[in-house]
Amino acid sequence: MKTIEYLKFLEYSEIPVLAKKYGTPLFVYDLSTIKKNYEYFSSIPNAYGLTVRYSVKANPTRAILAYFNQLGASFDVSSVWEAHRCINAGIDAKKILLTAQEISAGWETLCEAGMKFDAGSLQQLKMYGEKFPDTEVSVRINPGFGSGLVKKLTSGGAHSSFGLWYSQLDEAVTLAERYSLTIKRIHLHIGSGHDSEVLEKTVNYALDLCTKVPTVTHLNLGGGYKVTALNSDPYYDHHAVGARIGTALEKFYDKTGRELHLEVEPGTFLIALAGSLITRVIDVVSTGSDGYRFIKIDGGLTEIMRPSFYGMLHPLVVIKQSGVAETHDICEQMVCGHCCIAGDNLTPTADNTEDFAPVLLARAEINDYLIVERTGGYASSMNVKNFNSYPEAAEVCRIAKNNYRLIRERQTLEQITQNERNLLLK
Ligand SMILES: *Cc1c(COP(=O)(O)O)cnc(C)c1O
């Protein structure tokens, strides 16, 4: 049964206030939700210690990174550039682990400052060994299976290029010996939105690897922990999974006498539900009695591509322009973004990137607000930026109700075009 969705942390009356003060589209991040999520994850049962690395690619805005640092988090970065953004936010390089597809120029300086290196291929391991012989290193393994919300988010298995293919472990050990590297950490990130049963299978698999590589002291299970976003989503008990993983680590200790330190790298879990995207309804159109009612908003692919890229439905909430929620006059509507492309539609058929389906929403009129929830992660950081030359949206932190801080200004036209040069033909 379809039901209407509700706001996650904002109160209805805050919406027009925020929209008038900062303009729309606007990202709002709730600090107390971030804190609550971080505390939940850092208290997951574990046998011999736990490090929570915030996965920076979810949302790398400076104030967000600084807030996670203040909470005591460590960091997972997917590029040298993200590492630099951490350093610029005041984060100690020693708290950063680099797990990247591309190792860009400048990585050596970051490693000299203490950033840890996770080799995602034999080539990366060789590259690291040549530059930093006689040090500690981490290796990422593709166990040959994975799990994620959709295939595009599943980073284990034969279709996935991430990490060393599991049968290359012996070669990695030989390479490590050649450069006198100590393999200290085994890293596996099987996918975003994985099933916990597959994660537990991954743990058992990883513990076998740790038996073969006696120098390993840290087991890093990556990120991908599910969140309950839609009314129809189940509740996920990550503490219960953590307790079972802890038991597996204790059994490993009984067998080997080795206490493995656990690391996790949640991005989505820590930040997704802590962010809301406020947009304004700019138009309402219809394709007739056999068609649909469409709400057009002043945001879209330029702020969030998850619906179009993954077929992912986000909780959508209509708030009347006066700041109240309408709960009686509800009907099925489609929500479209402001980009001139048919794919800018926020109401995909679930898990299907090729089709659309209306959702149950309060009947929206022009100048009402449409809130897209679950947009703290992989929205501001992952979108079709500047398509149609729309400027990047502003970002605000919510410290408490009616207490906000602007953490990123809306982009200007000049900033969009600042690197362009004239073609000087005679
Ligand atoms: C993307 C990523 C994460 C975070 O994944 P979420 O689904 O946001 O939790 C963690 N570790 C690695 C290596 C990643 O690439």
Side-chain angles (χ1 to χ4, degrees), residues 29 34 37-38 40-42 44 50-61 64-65 68 73-83 85-86 95-103 115-121 124 138-143 146-157 160-164 185-196 198-199 202 206 218-229 233 236 238 241-242 262-275 304-306 309-310 312 314 374-383:
Y29 306 122
I34 295 177
N37 292 345
Y38 180 76
Y40 175 85
F41 233 82
S42 47
I44 277 185
L50 174 73
T51 298
V52 178
R53 297 185 176 280
Y54 168 59
S55 188
V56 170
K57 72 175 187 281
N59 188 327
T61 302
I64 298 294
L65 297 180
F68 275 112
S74 292
F75 297 86
D76 152 55
V77 299
S78 301
S79 76
V80 162
W81 304 95
E82 282 185 355
R85 290 179 79 167
C86 287
K95 295 182 86 180
I96 304 171
L97 174 67
L98 173 71
T99 304
Q101 289 286 75
E102 176 189 327
I103 308 298
M115 179 181 76
K116 295 173 180 67
F117 188 93
D118 185 26
S121 68
Q124 285 190 7
S138 166
V139 288
R140 175 172 182 175
I141 305 288
N142 178 340
S147 173
L149 288 176
V150 289
K151 195 160 184 182
K152 278 180 187 159
L153 285 168
T154 303
S155 41
S160 160
S161 70
F162 295 90
L164 280 81
R185 179 186 292 95
I186 294 272
H187 176 279
L188 303 100
H189 169 71
I190 55 166
S192 288
H194 59 250
D195 286 329
S196 57
V198 185
L199 184 73
T202 307
H218 285 60
L219 174 60
N220 185 317
L221 296 178
Y225 309 95
K226 280 184 183 165
V227 294
T228 304
D233 286 340
Y236 302 103
H238 300 294
V241 179
L262 188 66
E263 294 192 356
V264 288
E265 301 176 330
T268 301
F269 187 88
L270 296 179
I271 193 84
L273 294 172
I304 175 167
M305 62 187 281
R306 295 184 81 255
F309 194 49
Y310 301 135
M312 218 50 84
H314 283 241
R374 195 202 203 273
T375 40
Y378 305 101
S380 171
S381 69
M382 186 183 92
N383 54 55

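When a ligand or atom number is given, it counts from 1 through the structure's own listing order.
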Peer 1: Is it true that Glu82 and Lys57 have a side-chain N and a carboxylate O under 4.0 angstrom from each other?
Peer 2: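 Lys57 and Glu82: not salt-bridged.
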Peer 1: Provide, to 0.1 Å, the distance between atom 11 (N) of ligand 1 and the closest protein heavy atom, together with that atom's residue and name.
Peer 2: Glu265 OE1, 2.8 Å
Peer 1: Tell me whether Gly267 has any N or O atom under 3.5 angstrom from an N or O of ligand 1.
Peer 2: yes
Peer 1: Quick one: nearest non-hydrogen protein atom to atom 9 (O) of ligand 1, plus distance?
Peer 2: Gly224 N, 2.7 Å
Peer 1: Determine whether the side chain, the backbone, both or neither of His189 has a heavy atom under 4.0 Å from any heavy atom of ligand 1.
Peer 2: side chain
Peer 1: Which atoms of ligand 1 have any heavy atom of Gly223 under 4.0 Å away?
Peer 2: 9 (O), 10 (C), 11 (N)
Peer 1: Which atom pair, heavy atoms only, marks the closest approach of Ile190 to Pro143?
Peer 2: CG2-CG, 4.1 Å
Peer 1: Judged by atom type as modelled, is there a donor-acceptor pair below 3.5 Å linking the side chain of Thr154 to the main-chain atoms of Gly148?
Peer 2: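 Yes, because the side chain of Thr154 sits within donor-acceptor range (under 3.5 Å) of the backbone of Gly148.
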Peer 1: Does the separation of the ring centres of Tyr236 and Phe269 fall below 6.0 angstrom?
Peer 2: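 Ring centres of Phe269 and Tyr236 not closer than 6.0 Å.
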Peer 1: Is there a side-chain contact between Leu65 and Tyr54, using heavy atoms and a 4.5 Å cut-off?
Peer 2: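 Contact flag for Leu65/Tyr54 side chains = yes.
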Peer 1: Mind checking whether Thr268 has an N or O less than 3.5 Å away from an N or O of ligand 1?
Peer 2: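 There is such a contact, yes.
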Peer 1: For atom 15 (O) of ligand 1, find the nearest protein heavy atom and state the residue, atom name and distance (0.1 Å precision).
Peer 2: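 Result for atom 15 (O) of ligand 1: Lys57 NZ, 2.7 Å.
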Peer 1: Sub-3.5 Å donor-acceptor pair from the side chain of Thr99 to the main-chain atoms of Asp118, do we have one?
Peer 2: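 Pair absent, no side-chain N/O of Thr99 close to backbone of Asp118.
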Peer 1: What part of Phe162 sits under 4.0 Å from ligand 1 if we count only heavy atoms: the side chain, the backbone, both or neither?
Peer 2: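 None of Phe162 does.
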Peer 1: Tell me: protein heavy atom nearest atom 7 (O) of ligand 1, and distance?
Peer 2: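 That would be Ser192 OG, 2.6 Å.
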Peer 1: Answer side chain, backbone, both or neither: which part of Ser55 comes under 4.0 Å from ligand 1, heavy atoms only.
Peer 2: side chain
Peer 1: Give the minimum heavy-atom separation between Gln124 and Gln101, together with the two atoms involved.
Peer 2: NE2-O, 3.5 Å
Peer 1: State whether the shortest distance between N or O atoms of His187 and N or O atoms of ligand 1 falls below 3.5 angstrom.
Peer 2: no
Peer 1: Consider every N or O of Arg140 and every N or O of ligand 1, then say whether any pair is closer than 3.5 Å.
Peer 2: no
Peer 1: Does Tyr378 reach ligand 1 with a nitrogen or oxygen that is under 3.5 Å from one of the ligand's nitrogen or oxygen atoms?
Peer 2: yes
Peer 1: If only side-chain N and O atoms count, and only distance matters, is there a donor-acceptor pair under 3.5 Å linking Thr228 with Asp233?
Peer 2: no
Peer 1: Determine whether Ile34 and Leu270 make a side-chain contact, defined as any pair of heavy atoms from C-beta on separated by less than 4.5 Å.
Peer 2: no
Peer 1: Should Ala58 be counted as touching ligand 1, given the test is an N or O pair under 3.5 Å?
Peer 2: no
